[in-house]
Amino acid sequence: MKKAILMLCIACGLAMSSTYAQDQPAQDKKKTETNDSKTKVKPNTTMKDKAHNVVHPKNKRSHGTKMKHKTEEGKTKTETSPAKQ
């Protein structure tokens, strides 16, 4: 009986994890590339935000964005904070 319950729990866990992996939305990462420059934009998250995002995948938090812009002259990094609502 114990083995049957254990096997049922493992089967349910595998089924839940496979459906969770398929439901993950794409991150807000954006890449823009032209002949003379490249730009990457990613969300700026803290460890607390990352923990929240794992538990609530449909309601993600971030503290602004970070952008890397690369041209022939050099690289620039920019961080923006979200607007207060």
Side-chain angles (χ1 to χ4, degrees):
M1 188 67 180
K2 290 180 185 179
K3 284 185 180 180
I5 293 173
L6 180 64
M7 294 301 284
L8 181 65
C9 290
I10 291 173
C12 288
L14 288 173
M16 289 177 144
S17 65
S18 66
T19 56
Y20 178 73
Q22 292 173 356
D23 291 340
Q24 286 292 326
Q27 291 286 338
D28 294 337
K29 297 178 184 176
K30 298 174 186 163
K31 275 187 176 178
T32 306
E33 190 171 332
T34 61
N35 291 337
D36 58 346
S37 67
K38 295 179 184 178
T39 303
K40 292 181 186 177
V41 178
K42 294 168 47 176
N44 193 10
T45 56
T46 62
M47 291 302 289
K48 193 173 182 181
D49 293 337
K50 289 178 184 180
H52 175 269
N53 294 344
V54 168
V55 176
H56 303 96
K58 305 256 182 203
N59 182 18
K60 295 197 172 194
R61 286 186 192 165
S62 68
H63 284 84
T65 58
K66 52 188 170 185
M67 180 177 77
K68 291 182 185 177
H69 186 70
K70 182 179 176 183
T71 60
E72 293 177 2
E73 296 94 33
K75 297 179 183 179
T76 59
K77 293 182 181 181
T78 309
E79 291 193 18
T80 61
S81 58
K84 303 233 178 182
Q85 296 178 2

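Small disclaimer: the values here were computed from a predicted structure and weren't measured.
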message: As a test of understanding, state which of Glu73, His69, Lys75 forms a side chain to side chain donor-acceptor pair (under 3.5 Å) with Thr71.
response: Glu73
- prompt: Does Ser62 reach the side chain of Thr45, with side-chain heavy atoms less than 4.5 Å apart?
  reply: yes
query: Quick one: NZ on Lys68 to NZ on Lys42, what's the gap to the nearest 0.5 Å?
result: 6.0 Å
Over all atoms of both residues, closest heavy-atom pair of Arg61 and Asn53: N-OD1, 2.8 Å
- prompt: Between atom CG of Asp49 and atom NE2 of His63, what is the distance when rounded to the nearest 0.5 Å?
  reply: 5.0 Å
statement: Residue pairs passing the ring pair (Phe, Tyr, Trp, His ring centres under 6.0 Å) test with at least one member in residues 36-57, sequence neighbours excluded, are His52-His56
statement: Nearest heavy-atom contact between Val41 and Thr65 is CG1-CB, 4.2 Å
query: Val55 and Met47: same hydrophobic cluster, using ILVMFWY side-chain contacts below 4.5 Å?
result: no
